[in-house]
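On a predicted model such as this, the values are computed, not experimentally measured, just so you know.
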Amino acid sequence: MLDASPEDDATAPTVSTPRFVGRDREMAALRGALDRPPAIVLVEGEAGIGKSRLLREWLAAPDQRTALVSVCPPLRESLTLGPIVDAFLGIERPVPGSRLTELAGALRPLFPEWSADLPPALPPLDDAKAARHRLFRALDELLRALRVDVLVLEDAHWADEVTLEFLLFVISRQQSDGLSLVISYRPEEVDDGSLLLRLTSRLPAGVTQLRIALAPMRPGDTAALVSSMLDGNPISPEFTAFMHDRTGGVPLAVEESVRLMSDRADLVFRDGQWVRLKLRELRVPPTVRDSTRERVSRLSPTTQQVLRAAATLAEPSSSATIAMTADLSPAACRSAIAEAAAAGVLDADDRDRWRFRHVLAATAVYEAIPLTDRRYFHLLAGRALERLHPPPVARLAHHFREAGETLSWARYAEQGAELAMASGDHTKAVDLLVDLLSWAVLPPVDRARVARIAGVAALGRREPVDEVYHRVIRTLRSVLETPGLSARQQAEIRNPLGRLLITGGEAQAALSELEQAVANLDHDPVEAARAMTYLGWAYAGPWPASTHRRWLDRAAELTTRIDSPAQRLNLAGNRAAALLMLGEQEAWDVVADLPVDGTTAAERLDVARIHVNVGTGALIWGRYADAEEHLAVALRLAEAEQASRLQHNVRLEQANLAWNTGRWDGLAETSAALADADRDRPAHYLGSIRLAARLAAAAGRRRAAEEQFRQVLEESARLGAADDTMEAAAALARLWLTDGNSRRALRITNEPMETVRRKGIWIWATDLVPARVEALLAAGDLTAATRLVDQFARGLRGRTAPAPRAALTGCRALLLAASGENGRAATAYDRAARAWSALPRPYDAMRARERQAEALLAEGRIEPGRELLAAQYEELFRLGARGDADRVAQRLREHGAEVPRLWRGGRRGYGDQLSPRELDVVQLVVAGKTNREISRILTKSPATVDQQLRAAMRKLKVSSRTALAVKAVEAGVFAE
C-alpha cells in the first residue's frame, strides 16, 4: 500500500483536456489520402477509441479546404437525411444561387431558412423513389455549388438509411474534381442489413481509398495521455501498468478514469511523478458508465438536472432547449452548462449547441434516471422541440412516445412518416407507424388510417422480405381485428396487405385478402382495378382460368375510366402478363403495343416490371426469342434506375432462359449467386434452387437434385404458388421412373396434374404431362395415358405455344412406342426433336433423339440406332449433362458399341480436321441457313459462328459459303 506522506503535495491536480497522442501514423495516413482527392476515408473503431478526436485534430489544422461536418444522433427514429441537412446548415457562406439550377428547388422542404436563395419549389412526384433520386441530385448540386472539398459524417452506424443511400449516391458520382468523404463508425453496431456494409465493402475504383481501424493505445501512449492531462508530468510505471490494464488502452476510459481519480483526490505528485494512492484497494471503475455516474454525482443538483435533460434530448441542443427540458430558468441553465463544460462533461459545437463529450457518458446518465422521471423529461423535451422551426418531427414522435402522450405522438409520427416517404425512406415511415399501431391506443378511425398508410409505405420499400416486412404484416392483420372498422376501412387495409403477401410468396392468403378488398373499393377505381388484376393472376387459388379471366375483364372495364396514362399503362401491362399466364393467345396483341421506355423514373420502373413479367410468360410459352427481347428491355431499365431487386428478378429469368436454350456455362455459379442474393424472398429463392436442381439432375448428382426439387415442390405448395409445383413434381417423377417406381411417380404428379385440369391452364404442363404419361405407361395404363394426351392437345388448341406443343409431340411418340409401333414412334420422336431444336431447347431435343434411337433399336435397326445414340452421348456430354451421357453410354455398351473417351478439360486441337463445333456450323450452311439463323439454332454469338465458319473454309481450302457446302458434301464430311 502507498500512503501519503507529509511531503506529498496534497493539492488536487489540475486536469486538462488530454493531448492528442498515439495517432501520428493514422493522422499522416488521413492527411495523405485527403491530399489526393477524391478520396474515401473510413475511420472505424469501438466507442471511445478516438475516432472523433482524430477528425477534430485534422479539421483544426490550417487548411484551404472547405469541409462539412455532421454527427449522426443515436436516435432510433432519427430524422431522414438529418445529418446531411445539419452539415449544410453549419456552413457560414451564403447559398450561391447563381450556381444553382432549377433542380435545387427540391431542397426547399429541407432548408426553409434558405427559401429566399433557392429556386422555386418543384412539382411533387408520385413515385417516392424518383423524388428521392431528384433530392439526391439537388443535394449533390448544392455540394458542388458550395465548392465543398470534404464531407465528414461521424457515427455513421446511427445514420438513417436515406443518409447512407445519399453517401452511396455521392460515391457513385465521384469525379477527379469531386469531393472526398470521411466516414466514422463503430463496426460492432452496424446491423447485418445496413447499407453501411455496402458503403464500406464496395468502394469504387479510381478514387483514393483508405480504411483506418483505430486500435487501443499501447502502454506508452496511455502513459503519455494521462501525463498530458496532469500538467505534463510523468506518471509512475506502476500507475501506467494499472491504468492500461484496467482501461484496455481505450482513450475515453483512460480520460474518464483520470477525471474520476482527480475528483476523488486519489492522485498525488511524488518524487517528480504522478502516482495513485491505495493502488490495490481503490478499484478504477471498470466501465465508463460507472466513472461517469460518479463524476456527475459530484456536480451541483442543478447541473445534474441539466445533464439529465441533455441525455434525454440525445442530440446537440441549444441552451434554451436544454433549459426547457430541465425545467430551469435560462440563467440557471447557462450556469449549470458552464459547470458541466468545466468538468469536461458537456461540449459545444460550432453552432453553440451543447452535447455530452462522449455518447457513452450520455447513456450512463440517461440510464440512471428513474423510470418515473424519464417520462417527465421526455414530455418537457417534446414541448421544447415543438418551438423549433421546422419542427424535428421524428424526434418529437420519439419524445412524446416515451412520455406516453399518445395524441402528440400520433400526430408527429404521421408527419414524420410523410416526410420519410417524400424522401424515399419508406422503411423509416413503416417503423414510425407500426410502432404507433403496436403501442398506442387510438380510435378506430385513426387506427385504420395509420394502418392504410403503413401498408402503402411498406409497398414502397426496396428492402427484402425482412423483419420489418413480417412486423408490418402482423400489425395489419391485428388492425383488421379492431372492432368498429367499416367495410371501406377494412378494404383499404386488405388491399396493400394482399399485395405485400404476394411479395412474401403467400399467394393463397394474398388472393383471399384482395378478394375481400375489391368488394369495397368502388370509391377508388385505380386501386380496385389493380386488385382485380392481381386476382386475375392464375398462379394461386382454386379458381379455374375462366374466373381469373373474369377478374381481368372487370379490371379492363375500370381501366377505360381512369384518366392517368401511367396508371393505364401499369394496368394494361399487368393484364397482358396475367393473360400470358392464363395461356390466352390475345395477350400477345397487347404485348406488341407495350412501350420500351418511360419519361420518368417511375414509368421506367413500371415498364421494366411489366417486361419482366412478359419475359416470364414467354418462357412458359416457349417463345424464347420474345423472352430474351423483353428481359433485355427490363434489365436495361432496371440498371438505369439502379433497382437492384428488379435486376435480380431479371437475371433469374435470364438464367432460366439460358438453361432452356442450352447456354449452361457458368449457370452453376449464377444459380449460387442468385440464391444468396434472394434468400430473403421465398419465390425468387426457390427459383434459384430449382435452377440448381436442374443442373444437379443433368450432371447425375441424384441425391442433391432430389433434395432440391423436393424443397421447391413443398415450399411452392405451402406458399400457394401452383405453377411452381409443376416442373419440380415432373423432375422428381422422372428420377423415380429411372428406379422403376411408377407408383411413386404417379403419386407425386397427382396433385399438380389435378391443378392443371381444374384450372384448365395447359401451357403450364410442358414438363408435367410427359412425366405423367410416362408414369402411366410404366404402370401399364395405356388408356389413361392416351386420355391425358388428348386432354393436353385440346388444352393447347389455338395457342402458339412452342414448348407445350413440342412436349405434346413427344407424348404422342411415347404412346406409339408403348403400343409397339416402334417405326412410327421413331418418326414421332424425330418430329419432337426437331420441334425442340427450333425453339431452341437442345437438352430436350437430345433426350428426344435418345428415345428415337431406342425406338430404332427396338425395331431392329441396330446400326442407325447405335449411331444416333452415340451422337447423343457426345452432345449430352458437351452440353454438360454428364449424368444423361453416362446413361446413354451404358445403353451403348449394352448394344455392343464402343464408347469413345471424350475430352474432359483443356483446349483440344483438331489439326486440319473439322472440330465438332465447326461440323455443326458447316452442316447448317449445307442446309442453307444464314449466319444469323445458325447463331440462333446453336445458341452462339454471331461472332463465334463467323469465326468457326472461317476456320472451316480455311481447312477445306475454299473462299465462299457455296464452295464450302459443295466441298463438304463431296468430301463426305457428313456420312450420315
Side-chain angles (χ1 to χ4, degrees), residues 662 664 694-703 705-706 730-742 744-745 767 770-771 773-780 785 806-807 809-837 841-904 916 920 975-976:
W664 291 10
R694 293 169 180 161
L695 292 165
R701 292 184 285 111
R702 166 71 180 268
R703 182 174 178 181
E706 188 169 338
L732 288 169
R734 285 195 298 270
L735 290 174
W736 293 334
L737 283 169
T738 60
D739 302 333
N741 197 334
S742 59
R744 197 177 183 190
D767 297 290
V773 167
E774 192 174 352
L776 288 168
L777 294 175
T809 304
C811 288
R812 286 172 172 155
L814 284 170
L815 295 178
L816 290 169
S819 301
E821 300 182 61
N822 293 310
R824 293 181 62 196
T827 302
Y829 281 128
D830 175 66
R831 285 197 297 270
R834 291 175 184 274
W836 287 121
S837 295
R841 193 156 155 173
Y843 182 45
D844 293 272
M846 292 172 199
R847 293 195 296 183
R849 290 291 182 199
E850 178 190 349
R851 290 183 181 274
Q852 179 187 359
E854 293 286 0
L856 291 172
L857 291 169
E859 195 185 18
R861 298 171 62 186
I862 304 301
E863 195 55 36
R866 285 195 305 201
E867 288 180 3
L868 186 55
L869 209 56
Q872 300 322 300
Y873 166 65
E874 293 196 22
E875 291 293 331
L876 287 165
F877 189 91
R878 278 186 289 176
L879 180 65
R882 302 292 171 85
D884 295 274
D886 290 343
R887 180 189 64 248
V888 173
Q890 180 60 34
R891 291 291 290 148
L892 282 169
R893 294 187 186 97
E894 290 172 1
H895 286 281
E898 282 192 22
V899 179
R901 293 194 57 171
L902 299 179
W903 188 254
R904 292 182 176 268
D920 291 339
E976 181 183 354

| field | Cationic tip of Arg882 above Phe877 ring, under 6.0 Å, 45° of axis | value | yes

| field | Gap between atom CG of Asn741 and atom CG of Leu735 - 0.5 Å precision | value | 11.5 Å

| What's the spacing between Thr827 OG1 and Glu821 CD if we round to 0.5 Å? | 11.0 Å

| Minimum-distance pair of heavy atoms, taken over all atoms of Arg849 and Leu868 | O-CD2, 3.7 Å

| remark: Shortest non-hydrogen pair, Thr809 vs Ala832, comes out as CG2-N, 3.6 Å

| field | Closest non-hydrogen atom pair between Ala855 and Tyr829, with its separation | value | CB-CD1, 4.3 Å

| message | Run the salt bridge (charged side-chain N to carboxylate O under 4.0 Å, His left out) test on Asp767 and Arg847 for me, step by step, so that the C-alpha distance in whole Å, both residues' side-chain angles and the decisive distance to 0.1 Å come before the verdict. | response | CA-CA 13 Å; Asp767 297 290; Arg847 293 195 296 183; 5.3 Å; no

| Just by distance, with hydrogens left out, do Gln890 and Arg887 show a side-chain donor and acceptor under 3.5 Å apart? | no

| field | From CH2 (Trp664) to CG (Leu879), nearest 0.5 Å | value | 4.0 Å

| Atom pair CG/OH of Asp884 and Tyr873 - distance to nearest 0.5 Å | 12.5 Å

| query | Does some side-chain heavy atom of Arg702 sit less than 4.5 Å from a side-chain heavy atom of Thr738? | reply | yes

| What heavy-atom pair brings Tyr843 and Ala881 nearest, and what distance separates the two atoms? | CE1-CB, 3.7 Å

| message | Please report the interatomic distance CG(Leu732) to CZ(Arg744), rounded to the nearest 0.5 Å. | response | 8.0 Å

| task | Show the numbers, then the answer: is there a side-chain contact (heavy atoms from CB on, under 4.5 Å) between Trp836 and Met846? | result | CA-CA 9 Å; Trp836 287 121; Met846 292 172 199; over 6 Å; no

| Minimum heavy-atom distance Leu857-Ile862, with the two atoms named | CD2-O, 3.5 Å

| Does CZ belonging to Arg824 count more than 12 external heavy atoms closer than 6.0 Å? | no

| remark: Here the gap from Glu850 atom CD to Arg891 atom CZ, rounded to the nearest 0.5 Å, amounts to 8.5 Å

| said: Is it the case that the side chain of Arg866 and the backbone of His895 share a donor-acceptor pair, with hydrogens and angles ignored and the cut-off at 3.5 Å? | reply: yes

| said: Give me the atom names and distance for the closest heavy-atom approach of Ala807 to Pro770. | reply: CB-CG, 4.0 Å

